[in-house]
Amino acid sequence: MKNRLKVLRAERDWSQQDLAERLGVSRQSVNAIETGKYDPSLPLAFRIADLFEQPIEAIFLRD
Amino acid sequence: MLSKPKTAHGRYLVRLFGLMSLYLSLLFIAVRFLERPNAVTGPLAYILAFGPAVPVIGIFWAVARLIIEMKDEYQRLLLVRQTLVATGFALSLATGWGFLEQFSLAPHIPAYYWAVVWFAGLGVGAAFNRFTMGDSGGCI
């Protein structure tokens, strides 16, 4: 699944580590989600959406 | 008194070292009482002989606890994949070896070695993760 995580992170000038700490996950997790290797669970997707104050469908896009 | 480790991996390591210490102790006891003239016999012999298997089984439990307790879902996915590869690796080799042994083309191997092969399979699983996901998921 495609996502806009990298763009949203760059807009805030956050590193992957910064985002990982805010989400309470590993930097590897953020990297795997950003690169599309791993689709997060619904609870994590909601945490990401809450953090960026956007709906899930504005962050995660259908292939 | 030592405090309980905060991370799932820390708790796993504590369990692992405890189980390994117990394994060495029970193995020593089993060898001491079963491999000598006038060795222990009867039900006690079975208990002593099975003893070293218990902490090894405990390590499988510790890996299961690690999977359950891991908070990072991506790292947990990698570990699940790693253990599945290890299981497939060990069962495949055990099955193949069993048939070779059946037709006298390979020497007999005590069955407990398949646990060792499973642990080696974790390394194969980590390599599989690295190859397919670009991330080995660390070592356990």
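All values reported here derive from a predicted model rather than from experimental measurement. Note on naming: letters A, B, ... go to the chains in the order of the sequence lines (proteins, then strands), and numbering restarts at 1 for each one.
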Asks: If I take atom CG from residue A:N31 and atom OH from residue B:Y74, how far apart are they, to the nearest 0.5 angstrom?
Replies: 7.5 Å
Asks: Decide if atom CZ of B:R65 counts as having more than 12 heavy atoms of other residues, nucleotides or ligands within a radius under 6.0 Å.
Replies: yes
Asks: Say you draw a straight line from CE of B:M70 to OG of A:S26; how long is it, rounded to the nearest 0.5 Å?
Replies: 8.5 Å
Asks: Does A:E53, at its CD atom, have more than 12 non-hydrogen atoms belonging to other residues, nucleotides or ligands within less than 6.0 Å?
Replies: no
Asks: For the atom pair CG (B:L77) and NZ (A:K37), what is the distance rounded to the nearest 0.5 Å?
Replies: 11.5 Å
Asks: Please round to the nearest 0.5 Å and tell me the distance separating atom CG of B:L78 and atom OH of A:Y38.
Replies: 9.0 Å
Asks: Please rank A:L23, A:L44, A:I33 by heavy-atom pairs under 4.5 Å with chain B and give me the top one.
Replies: A:L44
Asks: Any link between A:W14 and A:V30 through a network of hydrophobic side chains (Ile, Leu, Val, Met, Phe, Trp, Tyr) touching at under 4.5 Å?
Replies: yes
Asks: For A:F60, is the CZ atom crowded, meaning more than 12 foreign heavy atoms sit under 6.0 Å from it?
Replies: yes
Asks: Could you check which of A:A32, A:G24, A:S29 has the highest count of heavy-atom pairs closer than 4.5 Å to chain B?
Replies: A:S29
Asks: Verify the cluster assignment for A:F46 and A:M1: are they in a single hydrophobic cluster under the rule of side-chain heavy atoms below 4.5 Å apart?
Replies: yes
Asks: Does B:D72 reach the main-chain N or O of A:V25 with its side chain, forming a donor-acceptor pair under 3.5 Å?
Replies: no
Asks: Around atom CZ of B:F60, are there more than 12 heavy atoms from other residues, nucleotides or ligands closer than 6.0 Å?
Replies: yes
Asks: With a 4.5 angstrom heavy-atom cut-off, which part of A:P40 approaches chain B: side chain, backbone, both or neither?
Replies: both
